[in-house]
Amino acid sequence: MFPEKFLWGTATAACQIEGAYNEGGKGLSIQDVMPHGLKTPPTVGPTEDNLTLKGIDFYNRYPEDIALFAEMGMKVLRISIAWSRIFPRGDEEQPNEEGLAFYDRVFDEMEKHGIQPMVTLSHYETPLALAREYGGWRNRKLIGFFERFARTVFERYQGHVRYWLTFNEVNAILHNPFMAGGIEVPRAELSEQDLYQAIHHELVASAAVTKIAHEVDSENQVGCMIIACPRYPLTPDPKDVRKAQHETQIDLAFGDIHVFGEYPHTLKRYFRDNDVHLDVTDADREVLANTVDFVSFSYYNSACETTDPEKDVSGEGNIMGGVPNPTLKASEWGWQIDPEGLRIALNTFYDRWHKPLFIVENGLGAVDELVDGGPDGKTVIDDYRIAYMRDHLLAVEEAVADEIPVLGYTSWGGIDLVSMSSKQMSKRYGFIYVDRNDDGTGDLARYRKKSFNWYKEVIASNGASLSR
Ligand code: BG6
């Protein structure tokens, strides 16, 4: 049984839905120069073939979209506030009123429908000027700019937003320094010193805004957000087991710092071995002591670890990749499907941190076929998505029975949106189909898929319908 006040909902990010990339005084963000996602280098400026620039036009269609989420009975909607809408370059003294007013309207609309917002402050959308003129998060000055941005939105939306997340998938910076840290240097060319100094700045910024959030409103609940990717040894060879443990320790170090307020032993040794000498001031140490109220995470796949160089071939998966698990099947994009991994992640995290947990992303990216039928004249019979989500939610229910406090579940991309890794529209996660194709064609009409009613029923029965 799910807890009585379980927060059912869905999750999105500004750069994947809003579009209107240069309207309302918005500045450019790093996403506006990443037309094809993670595997190709950024362009100089925005290019026509970048679907992010138009998104799914949530900027203009938010009332219709929020009404659809409300029809499903959602209790919470996770969005992000585009930093470059509020501070177009990121380093201004004064915010852009038009940008602030846009989110006033969005929050009013949610309130009208009884949906509570959960807001990510930084979802892979650092203002481009901060990346190109300041070197991204390698530069300590970004801490102050981020604090100003955060204080501005905490004060403006006080009483309207209770759940805040600081950095989306904060451990992703290890794998994608440009997307997660605004650092325009390929990962292979970046020294460990530079990378970890940038990470340190993000961690200090995260703790600093957690403090500000609590000062502005003691009701504010602030969470960190990490990628959950349980690491399994590929074989029972103790060397594989130790490798899986070590990789897990590195992944979870980011949660450790947010929860315990200090660097874990694992990173101390890693820094010694890799000649990393962080610039950590006494003031930084004090700031890091501002720990989070809860831990949130995305979960798409698990991965295996091996010490056998012949088998150490990375497969696909959310950001980190990893050696494929021979016992699991994969999605059309090669992301392995592992519902049990979600229960494992919930148990690992609660054993370690003893904090309430929030699953803020999970879902299946799949090719959908629009066919005749349904209340809108066209629909998608997405039984595969229903099966995926049912299996994952049943794993969550087991974790709840394991006595783990799970605050809620926001599926990823309840309305089709632009993929982060590939910038495709054809990688769809939604309960709501959006008529837009990879080449940018389509009239943006919205259609309820079969999963729309299925999720509505799950929410209405507080999960009881899952095992019927
Ligand atoms: C997470 C991100 O990494 O995975 C989302 O927080 C992203 O922004 C999601 O969309 C799914 O990844 P993709 O590449 O399928 O869009």
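Just follow the structure's listing: the first ligand is 1, and inside any ligand the first atom is 1. Side chains included, hydrogens not; waters and symmetry mates left out as well; all remaining heavy atoms used. Throughout, numbering of the chain's residues begins at 1 and tracks the sequence.
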The atoms of ligand 1 lying under 4.0 Å from a heavy atom of Lys427, numbered in the order shown, are 13 (P), 14 (O), 15 (O)

Under 4.0 Å between heavy atoms, the region of Tyr299 that gets near ligand 1 turns out to be neither

Q | Heavy-atom side-chain proximity of Phe146 to Leu142 below 4.5 angstrom | A | no

From the list Ser80, Ser84, Ser29, side chain to side chain donor-acceptor pair (under 3.5 Å) with Glu125 holds only for Ser80

**OP:** Please say whether Trp412 places an N or O atom under 3.5 Å from an N or O atom belonging to ligand 1.
**Re:** yes

| said: Taking the ring centre of each residue, are Phe2 and Tyr409 less than 6.0 Å apart? | reply: no

closest protein heavy atom to atom 9 (C) of ligand 1 is Tyr300 OH, 3.3 Å

So, regarding Ala13 and ligand 1 (criterion: nitrogen or oxygen to nitrogen or oxygen, under 3.5 Å), is there a contact or not?
no

Checking heavy-atom distances from atom 6 (O) of ligand 1 to each of Arg428, Lys423, Glu361, the winner is Glu361

Taking only non-hydrogen atoms of Tyr429 and a 4.0 Å limit, the atoms of ligand 1 in range are 11 (C), 12 (O), 13 (P), 15 (O)

Quiz item: Are any of the heavy atoms in Trp333 under 4.0 Å away from ligand 1?
Solution: no

field: His123 N/O to ligand 1 N/O under 3.5 Å
entry: yes

Closest to atom 12 (O) of ligand 1 among protein heavy atoms sits Trp335 CH2, 3.4 Å

Logged contact type for Leu417 with ligand 1, heavy-atom cut-off 4.0 Å, is neither

Q | Candidate pair Trp412 and His123, rule ring-ring contact (aromatic ring centres under 6.0 Å, His included), full reasoning | A | CA-CA 13 Å; Trp412 177 248; His123 195 122; 5.8 Å; yes

Of all protein heavy atoms, the one nearest atom 14 (O) of ligand 1 is Ser421 OG, 2.5 Å

Only one of Asn168, Thr12, Thr10 passes side chain to side chain donor-acceptor pair (under 3.5 Å) with Arg78, and that residue is Asn168

Nearest non-hydrogen protein atom to atom 16 (O) of ligand 1, with distance, is Met420 N, 2.7 Å

ring-ring contact (aromatic ring centres under 6.0 Å, His included) test vs Phe167 passes for just one of Phe254, Trp137, Tyr124, namely Trp137

*asked:* Measuring only between side-chain heavy atoms, which start at C-beta, is Phe431 closer than 4.5 Å to Met74?
replied: yes

Practice problem: Decide, yes or no, whether a salt bridge links Arg89 with Glu133 under the criterion of side-chain N to carboxylate O below 4.0 Å. | Solution: yes

Check your understanding: Do Tyr270 and Ile250 have side chains that get closer than 4.5 Å, going by heavy atoms?
Key -> yes

among protein heavy atoms, the one nearest atom 10 (O) of ligand 1 is Gln16 NE2, 2.8 Å

Does a side-chain heavy-atom distance below 4.5 Å link His200 with Tyr263? yes

Looking only at protein heavy atoms, what sits closest to atom 3 (O) of ligand 1 is Glu169 OE1, 2.6 Å

